[in-house]
Each structure stands twice: as C-alpha cells, then as structure tokens.
Amino acid sequence: MLGEALGATEAQKGVPFVGEAGAQLNRTLSRTPWTRDDFRLYNVLQCQPPKNWLVGAPWEAGAIEHCAVHRDRIIRDTDPKVILALGGTALEALTNKGEILKRRGYVYSVPTQVGDSDSWRFALRWVIGTYHPSYIMQGNQNLTGIQAFDISRAVEVAKNGWEWTSDERYVERPSLDQIDEFINKAVFALSAGAWLTADIETARSVTTDEDERTDVTDPITRISFSFEPGYAITIPWQVDYLSRIQDILSLSQEYLVFWNADFDVPRLKAHGMKIRQKVVDAMYMWHFLQSDLPKSLGFVASIYTKMPEWKSMSYTAPEYYSCCDADAQIRCTNGIVADLKKQGRFDTFMRHHTELQPILNEMGQSGVLLDQEKRKEFRAAIEEDRKRIDNEIQCAVPDALRPFKTRRKVPPAAVLGQPCKTSGTAQWGYHPDTGEWGELSNFLYNSSGQVLRYIKSQGHPVPRNYKTGKDTTGKDDLESLAKRYPKDPVYRRIIEARELHKVIGQYIDGYVAAPDGRVRTTFTQKPSTWRLASEGPNVQNVRRRWHLANRYREQFVAAPGHVLVEADYRAIEAVLTGFYAADADYIRAAKLGVHSILAAHILQHPLRDLWAAHAPEEEVLAAVWDIKKGHKDVYDKAKTIVHLSNYKGSARRIKIEYPDLFNSVAEAERLQRLYFANIATKVEAWHTATVAKAAGCSYLDNAFGYRHYFYDVLRWDGTYGTDAKKALAFLPQSTAAAIIKEAILRLAQKEVYRRAMRWQIHDALLFELPKDRLLDARIGTIVAEMTRPIPQLNGLSIDVEVTVGENWGEMQEWRN
DNA sequence: ACGATCTGCGCT
DNA sequence: AAAGCGCAGATCGT
C-alpha cells in the first residue's frame, strides 16, 4: 500500500498510517479477512510536507520528484506483486494518470523497477488505485465498503494474477452483414430471457455529464447495443444504418435497458426512433440496490466487471469506447438483477420504477391549467406591496450599510446629493465614512451578510443557528429581534419583503405555462427514501400556510366542465409509526386524530378520557373535531410536537419552535413525557430497537423492500451518530411513499384515472375529473383504491380525505 | 459570463 | 442538532 505523506502523528513516530488516517484504514480492513500486517505500508513522500500541505502546493512536483529515488528503492527491495495506491497522489506517481475517482478499482499493469539497486530493469507489476483513507473520513464513510472491495481485489490479484475481460467480440466498424448477424443472435438470446441494452453518444454529451444536458436535438453520433457480456456492437448514426438501428431497438418484445434512460430515450424519440417496450433504467436499478453510492457506469463497472478502465478513451477510440459502454451495461445489468433477486427486491423495483415511471412522466406532462388573468392581478398587487416595503427598507437603512464600490469614473452631475434612496438601480455618491467616490447600491434584504451588518450596527445581539452556531438572519430570528426591539423599522419589513420576493420569483414567475395554458412538472425518484421529487417547477412546495395562500392557489384551475379533486392520506406517517412500533393503540389514536388527542392532554379536554375509555367512535370524532376547530393553535402545535417526538426531536428543539407556548425546555420535556407515557407508549422502545438494528446490520428495509444504508448510527460511547435519526425517519417516510405509489399504479390501470392524475404531493394525489353524473362514483373508486388494505402491512389501511373544487384555492370537503 | 457554494425558505 | 426534497439570491473565484 502506497499512501501520500506522513501526517502529524506519523511524523512524530516516523511510521506511516498510525494517525487518524491509519485508524480509518483499520476500520476498512476490519471488513476484510486481512489485517495491516498482511501488507507493507509506505508513502510517496518520506517526510511530512510543510503545513501538511502537498496536493496543489507549490512544492508538490518537486517534493514527489525528490522522493522518487526512495520510492523506487522501496519497490525494488520489496518487489510487490501488487501495489495498492491509496489516493490520487500515489496513483499518479505510479501510473502518471490522474483522476483517482474515475480510476479507482481498475487494475493497471505498470512498468516498475525490479532487481538490485545497481542492476535494475523494468518489469510489469499490477497497480490498483483506491481512495485515500482521509478522503473516506471526510464525510465519505459510505465508500468504506468499496475500499474493502478494492483491497480484496488487490489480494486476489496478488494471489492469482489478473486477466481483463476480452474485447475480441466488439464490433467496432460493423458491416451490414455483421449487424444482421448481431440481430440474429440477439433474437435467439432474447427469447431465452436475455436483456438488450442500448446506449447513445451525442456530439456534446462526451464532454459533459449526461444528465446535465437538456437539449434533446443535439446530434446523436452513434449507438451501441449488447445482449451478452463480451459481445457488443456500435453503429454510427448515419442514414444507411437508421433502419437497422430501429430494427434492433424493436427486437425485444418486453424490455429495453438503458443507463440513465432520461438522457437516451427522449433523444432517440426526437431523432425519429420508436420505442414501444417498457424502458428499464439500470442506473435507477443500481440506485435501488445501493442508493448511497456513485451512479456513473464507470464506477459500477469497476465492481461488477473485470473490464479495463475505458471512460478516459472517448476521444482517442470512440468506437471502442462505445462498445465498452454497451458491454459494461449488460454486465452491470446482469449483476444488479442477480443481486436484487437474491435480496428478494427485484419485483418491487420493476413495479415501483419500471412500471411507475411512465405513469409519472404522463402525470407531469398533463399539467395543470393556470388562470392567466388571476395570475396577472395577483402579481401586480404583490409587486406593489413588495416595492413599497423595499422602499421603506432603503430609507431606513443608513448609507454606510449599503454595498459600495469605489469608481474612478466621473459621475453624472444630475444625481449628486439625492437625499432619499429609491429602490431600483444603484446611484453615485460619496461614501459616508471614507469619503470615496463610487457606486452606492440598494440594501439587499436577501443578503445575510448585509442584514447581519445591520444587526451589528444597531448594537443588537446577533442570532446564532442553534445547530451550527453560525450567525444567521432567518425568519424566526428576525421575528424575535422585531419583538425585542419594537421600534426597529427594518426587521419586520425584511421578513415581509423576503416573503413577497419569494412568492413573485419562485411561485409566480417560476410557474411558466405552455401555450395551452398548462404548467408542467417532472417527477423523479431521486430521494434516497424513494419518495417522489418534483422539479421544473417543484409543485410539491406550493404555498399553503401563508395568509394569501388560498388566493394564490386560486390560479390553479380545472378545465371548463371539470373539477380538481385532491385525496390526502390522513396522518399517514403517524399511522405507520404505530405500525412499525407494533402499537395497535397508537394506530387507533393516529387514525382518530393523534394531534387532537395530544391537544386534549394539554387542554385537559374531555377527549382525553373518551379516547382512553374506547368511547364510541362518533363521540370521539366529535370531540376531535371540536379541538381541531375550536383550539386550532394548540392543535397545530400538538401536530408538530407529535412529528418531532416521533422522529426523536429534542425538547430543546420544541421550545425553540414554540418559544411562546412553552416557558422552558423543562416544560416541553414534561409534555414529551406525557406524550410518550400516555399516547405513544411503544414508540420510544421502537426508537431504541430501530437504531440498534440500523447500527447492527448497517441498513434498514421497509415493508416493501426499499433499503437504505446507514454508516454513523451509534458511536462507541453509545451516543447517536449523524445517521441515527435518518434511520428513524426512513421507515415511515419510505413506506408512505410506497403506499401512494401502489395507489397510483392501481388507479392507472383504468384509463380514466390514468388520464386524470395530475400531481403527487407526498401524501396527496391531485386529479382533474369531468364534472358529470359519474363524478361521485369516480371519487368513490379513488378512495376505495387508496384505502385498500395493504398486504405488506398485515392488511392495514390508511384513511383518505377528499376535497373538490373548480380551483385549488377554494376546495370543499367531499362526503359520499 | 458562468459555476460552485452558502444561506434561506417553501412544502410533505 | 426530526427527515426528505427544489429553487432563488448573494457571493466569490475562474
């Protein structure tokens, strides 16, 4: 093993890898059958570089060159079969190749000095690159297992040597006959159950990450296919070949495999190709298998194949590169499928991604109508307010706090000495302190730096983020400053101006309707919990708690003769917490209204005893309703307390969230105890068990087979690591995602619902349905499908609330 | 002009 | 120090 240089601890003892990086190396080795005594450890540098700085330092090249003699001598003396390069510096010193993150895990054969110091010669030795342990320590603990894999590969090479996979059957410049031969063999293999993979190269995608490109009309240069490891074909995108390419794309009856289909499929369609099969995205399959590891094909191939590194050859050998892509795809696909089947999670992936994603694409594309008139009016009203408030801020903030850039240019005399600032462009002036001439800009209420300078200039205490300790100018902190200094003209106005600014920028101008008046979004399954995410625009964070939220939402309307129907799962995460905690009482509370029941405890309301005594449901529900309507403030606070407590939020956090409701942290603590002792009686035990489980096997599976890995759950002293609460949140959150996906899949089987689905907002589905005599029946079907008992959860069902309206701001409760 | 990073904030 | 996201503005470096 060859590292970089001695750290502080190492330099003291003169031994490599005995400091923190050494401890990390030991942790990695503990995942393998070997110990550090099985290896010899050296560094590229024999000494400690000044300030522990080597990479990018002015002395980097010189220092490495200076120590090369020692390094060569060490290699000659030890004559290693394999050198494992720990980090980019070592790999580059050995192979002259950079980009360790692209090359790690791949095996290189490198000319190395062997023999006596006075009569040495070159001989080929194996070199494998892996991460430097300090890189893994810097927040990349998820890569520990990969480094263990690299070490195992090095040992394997040392024992048995290494043979790269063969590229003899790559068809890099195909004749039409060779294409037909590929087709004939593929037909046979596909009928026996093989996958067919496809991959395009585009003129500009070579230099850019594929998913960053958005222009689907970029020219395609070639396409490659494979159905069998080692046998790949690449076909130039030229007129003579296009019909053959379409033939191959149509070969498979059922599935066509891509790596990141979001890139390839829209481009193939834009270039006239038909793709009628279901699209299997092997990259997402990998994401489903291991959501926390890098997703590039080059990375995954280093694990599933013995291919030589090829990703750096796109320019020098484009045909070979393209065949390698196809070969890597088929090998990785086969490996990932096998692993998912071994874990019993393959069917879930095919259903919840391959089947679901086309439905989500249709949902995003069908879009929701925007009422342009309302939108215009609303924007104008808001913009006027924002301008007025901004102007008030500009007048209240002293010149000395406004951004100032010194300029040498002579000013236009007309603006000299203007007394009061107006919002808009900057103006020229003399700096009030330094007297310099320059450009004085407006005070930016969105700039935390400028707002902090204002707070300090007033001699007010600077708010600190209670997690990070950093200075902050968040809304809550400005609110408490405003309370403490009621005469201050700025704090409340900053809050208001920021709010209006965000509404205009993100929620009005960010929603651009197509010519048909509809606004479209894209649903992805990127979150590590396999929730859905929405982007361009994100329709899952539309204003709801704002005092003008309903007026804002009125611009989202149903088409004439239609209505919007929104179906929300009621308290889904609370019910699921009860399910995972195996607490039937808590499930009952969650379904009746756990927030109201907690509020009843706070308020000493009769509901408390009704619930405990299992009173008749109508009676309990009436009391729940009473609290929800009559004590909305306490109800809303109880709701957040339930959420925070279920995911192990601290009493301190609750106090910070509700400084007015609680006099002290101790009081919040008392209330939490009340909640755990009387309502959520088994939840704390579930917390403990879940954290222990996540720490023990380093991952959790939910009831549908969604998996999440965790690395820093329990520390050696029993305290919680950074992943402990993520583990607690994972099960209810990911299970809720799976439940609503199942509902979408079932509803999409019927054309009328498939076409009517619009947006998914985590626990809610929004539909646009014809307003006709079938409406009630259709809503009934939606409710029936969404509340159907869930076999994976022992037949649990989740209640649904439905609202209906002609626009999204005036929705009325629907009752059958 | 453009990208990366930080801060802030909307929703579930 | 509940979790999970996406978007916009400010700032700084290239």
Side-chain angles (χ1 to χ4, degrees), chain A residues 208-209 212 291 403 441-452 463-478 494-495 497-511 521-546 549 552-553 568-569 571-574 577 639-657 672 683 687 690-691 706 708 710 719-737 740 759-765:
Chain A
T208 326
D209 275 349
E212 286 173 14
S291 63
S441 306
N442 276 349
F443 179 79
L444 300 172
Y445 46 77
N446 276 322
S447 160
S448 50
Q450 292 184 32
V451 174
L452 279 174
R464 296 265 148 71
N465 183 302
Y466 68 95
K467 284 189 201 174
T468 61
K470 287 184 189 165
D471 293 356
T472 171
T473 68
K475 189 162 114 178
D476 292 346
D477 297 308
L478 293 185
I494 291 179
I495 295 170
R498 282 179 176 179
E499 186 164 56
L500 297 178
H501 187 96
K502 191 171 171 70
V503 169
I504 292 166
Q506 182 174 339
Y507 290 98
I508 297 181
D509 295 345
Y511 276 69
T521 184
T522 305
F523 288 108
T524 69
Q525 306 207 41
K526 277 185 270 191
S528 60
T529 56
W530 284 77
R531 270 182 157 198
L532 298 190
S534 151
E535 60 188 30
N538 176 7
V539 300
Q540 292 176 320
N541 66 353
V542 178
R543 288 294 193 131
R544 171 158 269 179
R545 285 169 211 154
W546 186 36
Y552 167 76
R553 283 183 172 221
D568 292 45
Y569 277 115
I572 185 167
E573 288 195 17
T577 300
K639 186 170 170 176
T640 303
I641 289 161
V642 169
H643 274 91
L644 287 168
S645 302
N646 280 356
Y647 300 129
K648 222 160 169 47
S650 70
R652 188 165 165 231
R653 163 81 190 263
I654 294 174
K655 162 71 180 158
I656 288 166
E657 200 93 0
Q672 254 190 327
V683 169
H687 286 163
T690 305
V691 167
Y706 294 7
H708 195 312
F710 303 98
T719 55
Y720 280 3
T722 50
D723 287 348
K725 292 180 184 182
K726 296 183 185 183
L728 292 178
F730 170 68
L731 289 175
Q733 205 177 91
S734 67
T735 307
I740 200 161
W759 291 345
Q760 186 262 30
I761 308 164
H762 301 305
D763 65 356
L765 285 177

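Within every chain, numbering begins at 1; the chains are lettered A, B, ... in the order of the sequence lines, protein sequences first and strands thereafter.
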Closest non-hydrogen atom pair, [X] against [Y]:
X	Y	result
A/Pro537	A/Gly510	CB-O, 3.9 Å
A/Val539	A/Tyr511	CA-OH, 3.5 Å
A/Asn646	A/Ala574	ND2-CA, 4.4 Å

Looking for any heavy atom pair under 4.0 Å, which part of the strands does [X] touch: base, sugar-phosphate only, or nothing?
X	answer
A/Arg545	base
A/Gly449	nothing
A/Gln450	sugar-phosphate
A/Ser528	sugar-phosphate
A/Thr722	nothing
A/His501	sugar-phosphate

Looking at [X] and [N], is any side-chain donor or acceptor paired with a base atom of the opposite kind under 3.5 Å?
X	N	result
A/Asn541	B/dG10	yes
A/Lys502	B/dC9	yes
A/Arg531	C/dG4	yes
A/Gln506	C/dA8	no

Taking [atom1] from [X] and [atom2] from [N], how many angstroms apart are they, rounded to a whole number?
X	N	atom1	atom2	answer
A/Glu535	C/dC7	CD	C1'	11 Å
A/Lys526	C/dA3	NZ	C1'	19 Å
A/Gln540	C/dA3	CD	P	19 Å
A/Ile654	C/dA2	CD1	C1'	10 Å

- [ ] Please check the phosphate of C/dA2 (OP1 and OP2 only) for any side-chain N or O of A/Arg653 closer than 4.0 Å.
- [x]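 So the side chain of A/Arg653 is within the cut-off, an N or O lying under 4.0 Å from OP1 or OP2 of C/dA2.
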Proximity to the side chain of [X] - top-ranked nucleotide from [options]:
X	options	value
A/Thr472	C/dG6, C/dG4, B/dG8	B/dG8
A/Leu444	C/dA10, C/dG4, B/dT12	C/dA10
A/Lys725	C/dA3, B/dG10, C/dT11	C/dA3
A/Ser448	C/dC5, B/dT7, C/dA3	B/dT7

- [ ] Might you work through the side-chain hydrogen bond (donor to acceptor under 3.5 Å, both in side chains) test for A/Gln540 and A/Ser534, ending with a clear yes or no?
- [x] CA-CA 6 Å; A/Gln540 292 176 320; A/Ser534 151; 5.0 Å; no
Task: Heavy atoms from other residues, nucleotides or ligands near NZ of A/Lys725 exceed 12 (cutoff 6.0 Å) - done: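 Count over threshold, so yes.
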